[in-house]
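We count ligands from 1, going down the list as the structure has it; atoms in each ligand are counted the same way.
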Amino acid sequence: MREAGRIVARAHQAMREALRPGITTAQLDRIAESVIRDHGAIPVFKGYPKPKSPNYPASINASINDEIVHGIPSDKRSLREGDIISLDTACSYQGFVGDSAWSYAIGEVSTHVQRLLAVGEQALMRAIEASVIPNEVRDIARAIQTFVEGQGYSVIRDYTGHGVGRKMHEEPEIPNWWSDRKMGSSLKLAVGMTFAIEPMVVAGRPDTRELADQWTVVTKDRSLAVHFEHTIAITDGAPQILTLL
Ligand code: MG
Ligand code: MG
């Protein structure tokens, strides 16, 4: 999993270096896919199934501005100065998966956008800090929710982090918010657990809507969204972030 995570990090690095106004999201997709395949890994997103929808057609999600997740790369979609781009990708290497997402500003952006990006990244870091024994999954969820809402933003509730292993989506769900009443009991963290934490932070309300392409998820109120994700491993000390170089 560490190797799979490293390859995902390399794909992100290559995309990050290519970011500029004018580049298309399809170009970013090709960059990530080449890095993944050049390392002998398989892009997990490509062909990913979803009930009653076409299989996912690309190796990355490229979600712009009010798009939260699952934006489909396109030759017709190019980045503009002032955009927020959220890039998500995953690969499988020798049977194990890494999954990571990051959001970036394109060129000059307002201080409001800079702050949203900073809060999203910090939410992920706080969640990782909370991923220690004897905490439970709900402690991670609460770390995200408390921090984000304390900053005046919302966390997306309709999509969650997840266990990662031989498959991209395994048990348990790692929510970005928590309600004992709605979610019941929580799971205690244990050494060797591996999962993806992925706060999606929005400037407005947390309600979501899926576009007609049956994949792209946007905020209902069209407010801006950011998305930060790492795959981590629980140890008897600090968690290990697997999706780093
Ligand atoms: Mg992901
Ligand atoms: Mg994920």
- Query: Would you say H162 has an N, O or S atom lying under 2.8 Å from the Mg ion (ligand 2)?
  - Reply: yes

- N, O or S of D99 under 2.8 Å from the Mg ion (ligand 1): yes

- Give the C-alpha distance, both sets of side-chain angles, the deciding distance and a yes or no for ring pair (Phe, Tyr, Trp, His ring centres under 6.0 Å) between H70 and Y56. CA-CA 9 Å; H70 308 163; Y56 193 76; 7.4 Å; no

- Query: Between R157 and E149, does at least one N-O distance fall below 4.0 Å, as a salt bridge requires?
  - Reply: yes

- Task: Without swapping roles, check the side chain of S53 against the backbone of P49 for a donor-acceptor pair under 3.5 Å.
- Result: no

- Item | the Mg ion (ligand 1) to D88: nearest N/O/S atom name | OD1

- Is the backbone of G204 close enough, under 3.5 Å, to the side chain of S223 for a donor and an acceptor to pair up by distance? yes

- Message: Of all the N, O or S atoms in E229, which has the shortest distance to the Mg ion (ligand 2)?
- Response: OE2

- Message: From the N, O or S atoms in E198, identify the one nearest to the Mg ion (ligand 2).
- Response: OE2

- F147-L124 co-clustered via ILVMFWY side chain contacts under 4.5 Å: yes

